[in-house]
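Notes follow once the structure below has been shown.
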Amino acid sequence: MSDTSANQQPRADGPHATMTHAEAHRIAAGIVSQMTLDEKIGQLNYTAPAIERLGIPEYNYWNEALHGVARAGVATVFPQAIAMAAMFDRDAMERVGQVIATEGRAKYNAFAAHNDRDIYKGLTFWSPNVNIFRDPRWGRGQETYGEDPYLTGQLAVSFIHGVQGEGRGRYLEAAACAKHFAVHSGPEASRHEFDAKVSRKDLVETYLPAFRACAEQGDVEAFMTAYNSVNGQPAAVNQELMQHFLYGQWHFQGHVVSDFMALEDVHENHKYTKDAAETMALAIRNGVDLCAGRIPDDATRHAIERGLLTEGDVTRAVEALFASRVRLGLFADDCEYDHIGPDANDTAEHRALSRALARKSFVLLKNNGILPLDEHQLSSIAVVGPNADNVKAILGNYFGTPSHKSTILDGIERRFQERPEVRVIYALGCGLFKDHAESGLARANERETEAIVAAEQADVVIAVLGLDPTIEGEQGDAGNSLGAGDKDTLSLPTPQKRLLEKLLDTGKPVVLLLAAGSALSLDGLEERDNLAAIMQVWYGGGCMGQAVADVLFGDESPSGKLPVTFYHSVDELPPFTDYAMKDRTYRYMTAPALYPFGYGLTYGDVRVHDAHAIIDHDRPRTVHITLTATNQGERATDDVVQVYVHDDTSPLAVPNPQLREFRRVHLEPSQSAELEFTLGPDCFTVVTQEGDIVDGGDRFTVWAGTSQPDARSAQLLGTTPTAMTVEF
């Protein structure tokens, strides 16, 4: 290459000064200036071809890493994104991102050395998914960080920092991508032509804050557009989303990629443009740089020939793409990550981290005192249910291949492998979803009877029920009753509900473990006395089974909090296709939840007290919260201190108190910790009907505790957060 090559790049100041966007764009401009128009057009596709005369290798931008490097062989598989959200832990999310970056580099270096530059082999990871999980029927909600814009944004920013490693060196270790921009959360079956109608207030108040955080706080390297339209204009060519918000208000400096074949949807399904040339012209002019799809190169050439697009527009897009590759050090001979070898992938340390995070993610919904189980008082344990030994139920979707797979049955059996006096009795019990259709009535009855016999022999029954990614997930990956990955009910599948009822009818104590990526309802069975404990274990990653055993038998306390509301039934919800936030999520709902957002029990008893709100008179609308958290229980535990704010005077306020800060804390029995939180001006704003963010009222209530300040949480926990009044 010429003297504009990255090999001649001057070093940024200091050993940890990451290359700026401005510097990367200058270098990229020099590289792109040497390309012909046809060469530039070729680089607009996610399968970017090599330009041999310039020494540029081919590059495939498509890679995935929601909870570990996915679809490229063996890698550490962390708990699914929704499970990690339940940790309410910024530091843990950053550590996950760091592991993903290191394992991604290890794979990239190894594959590139063999000139394997195929899909899932690059360093541009199309993660995280920061869509708001507004409706529990959405199959892909498992990929998100839940229903709250603030929690989602905070966890995403930490994940992005971990993946990209800005400050760790001159180059990015990997590149993250915030998706799917925007107003995207089902239904899966119609996503390619669906038009999400959303008010300006809901757009700015709920659907955009996490994306804004990714751009402004996370400096995320890429954005991915959604399939659907937003208020009549496809997201992939949406001028307001990209020009007004992304590039305008948020000053985004990375590149934008369409979701796979979302650009084809613009003319083929949304019918918004007449043909591919019009689509490509509109997309590039509005800020899309990379086409993930199959629109032929000649569509871009036709757009130029027809005067819809200029070569300068194409040049701008390609420079944005190459700036990202420059920041990754892909044209440099001094990249500090080039030395990372295959031995950095799937290490024992990384697997131990996955196991530790799984333990932190489990949400204990009910416990009559049976947990933790005293293994020395048990002679037999029945492990029953279709998810007890289901590998799919530990992996979730968009997963890598764990070298060590531990199902829940495996984890419990390992626990007692050196204690043969304790019997672990396994029975499938039923099929996951369509037991009768798949196996016939006789086989279904045989499975149920086998499970009842196992329960009758046992001191305690561990029932492992729920869903897996064959039921809930992305269109094309899951095949449930709707054929697209969404749910039509919150109830357990019929054969599982019937099995649970029969297990409870034995009179034996039942500990229910729910493996799922979304909210479920037990249709009142949660009130049965011998349903002694319920724990949401999500899709817990490669080490899930061992982590479950750790928690069941008291090696560690469960400490996850729900990042989504568990409703009683879909009857409480607006239609799935209604994107208005009224009556959705904890911030807007009026009915009491089955299990509320922010709720989760532990084996300890953490109480927040001596909470005070102090107005900072040197900084406008800023409040410092000081408090003490004390574990009054007899067991050590983590817990999550949560701070909620409600505007008491503005008619524009979100109806219910909303999360504004949180911190995970570990406390031994009788131990206390003094914590301080700072609530800045953003915590005291409201959004107008026109979508403007303005100062709220002059009186607010602030709560600090281990849950949100709702009546249902107080009922379940037996404690309420401390309330404080703030007046400006």
> What about the rings of Tyr644 and Trp703, do their centers lie closer together than 6.0 Å?
Replying inline: no
>> Check the orientation of Phe728 and Phe700. Use parallel for under 30°, tilted for 30 to 60°, and perpendicular for over 60°.
In response: perpendicular
> What pairs with Glu94 under salt bridge (Lys or Arg N to Asp or Glu O under 4.0 Å), at least two apart in sequence or on another chain?
Replying inline: none
> Is any side-chain heavy atom of Gln708 less than 4.5 Å from a side-chain heavy atom of Tyr599?
Replying inline: no
>> If the condition is salt bridge (Lys or Arg N to Asp or Glu O under 4.0 Å), which residues does Arg90 pass it with, not counting sequence neighbours?
In response: Glu661
> Cation-pi between Arg663 and Phe677: NZ/CZ under 6.0 Å from ring centre and within 45° of the ring axis?
Replying inline: yes
> Aromatic ring centroids of Phe88 and Tyr145 under 6.0 Å?
Replying inline: no
> With sequence neighbours excluded, what pairs up with Arg134 under the salt bridge (Lys or Arg N to Asp or Glu O under 4.0 Å) test?
Replying inline: none
> Which pair of heavy atoms, one from Val96 and one from Leu357, lies closest together, and at what distance?
Replying inline: CG2-CD1, 3.3 Å
> Backbone N or O of Gly169 within a donor-acceptor pair of the Thr18 side chain at under 3.5 Å?
Replying inline: yes
> Taking only residues at least two apart or on different chains, which pairs with a member in residues 572-590 satisfy salt bridge (Lys or Arg N to Asp or Glu O under 4.0 Å)?
Replying inline: Asp135-Arg584
> Considering only heavy atoms from C-beta outward, does the side chain of Glu64 approach that of Val69 to under 4.5 Å?
Replying inline: no
>> Is any side-chain heavy atom of Asn238 closer than 4.5 Å to one of Thr225?
In response: no
>> Could you check whether any side-chain heavy atom of Tyr207 comes within less than 4.5 Å of a side-chain heavy atom of Val198, counting everything from C-beta outward?
In response: yes
>> Among Phe662, Tyr586, Tyr588, exactly one meets ring pair (Phe, Tyr, Trp, His ring centres under 6.0 Å) together with Phe597. Which residue is that?
In response: Tyr586
> Below 4.0 angstrom, N of the basic side chain to O of the carboxylate: do Arg140 and Glu474 qualify?
Replying inline: yes
> Taking atom types as modelled, is there a side-chain donor on Thr688 or Lys201 under 3.5 Å from an acceptor on the other?
Replying inline: no
>> Under a 3.5 Å threshold, yes or no: a donor from one side chain and an acceptor from the other, between Thr565 and Glu147?
In response: yes
Pair up each side-chain donor or acceptor in residues 123-131 with any protein partner under 3.5 Å, not counting sequence neighbours, and list the distances.
{"unit_1": "Thr124", "atom_1": "OG1", "unit_2": "Tyr59", "atom_2": "OH", "d": "2.9"}
{"unit_1": "Thr124", "atom_1": "OG1", "unit_2": "Tyr61", "atom_2": "O", "d": "2.7"}
{"unit_1": "Trp126", "atom_1": "NE1", "unit_2": "Tyr61", "atom_2": "O", "d": "3.4"}
{"unit_1": "Ser127", "atom_1": "OG", "unit_2": "Ala65", "atom_2": "N", "d": "3.0"}
{"unit_1": "Ser127", "atom_1": "OG", "unit_2": "Leu66", "atom_2": "N", "d": "3.2"}
{"unit_1": "Asn129", "atom_1": "OD1", "unit_2": "Asn131", "atom_2": "N", "d": "3.0"}
{"unit_1": "Asn129", "atom_1": "ND2", "unit_2": "Glu143", "atom_2": "OE1", "d": "3.2"}
{"unit_1": "Asn131", "atom_1": "OD1", "unit_2": "His180", "atom_2": "N", "d": "3.1"}
{"unit_1": "Asn131", "atom_1": "OD1", "unit_2": "His180", "atom_2": "ND1", "d": "2.8"}
{"unit_1": "Asn131", "atom_1": "ND2", "unit_2": "His180", "atom_2": "O", "d": "2.7"}
{"unit_1": "Asn131", "atom_1": "ND2", "unit_2": "His184", "atom_2": "O", "d": "3.4"}

>> Going by salt bridge (Lys or Arg N to Asp or Glu O under 4.0 Å), name the residues that satisfy it together with Asp692, two or more places apart in sequence or in a different chain.
In response: none
>> I need the minimum non-hydrogen distance between Arg105 and Leu172, along with the two atoms involved.
In response: NH2-O, 3.0 Å
>> Aromatic contact between Phe362 and Trp538, with the criterion being ring centroids under 6.0 Å apart: yes or no?
In response: no
> Do you know the tightest heavy-atom contact between Ala613 and Val623?
Replying inline: CB-CG1, 4.0 Å
> Do NZ/NE/NH1/NH2 and the carboxylate oxygens of Arg316 and Asp289 come within less than 4.0 Å?
Replying inline: yes
> Looking at Gly466 and Leu520, what are the two nearest heavy atoms and their distance?
Replying inline: CA-CD1, 4.1 Å
>> Quick one about Asp682 and Thr685 (side-chain donor to acceptor, distance below 3.5 Å, no hydrogens or angles considered), yes or no?
In response: no
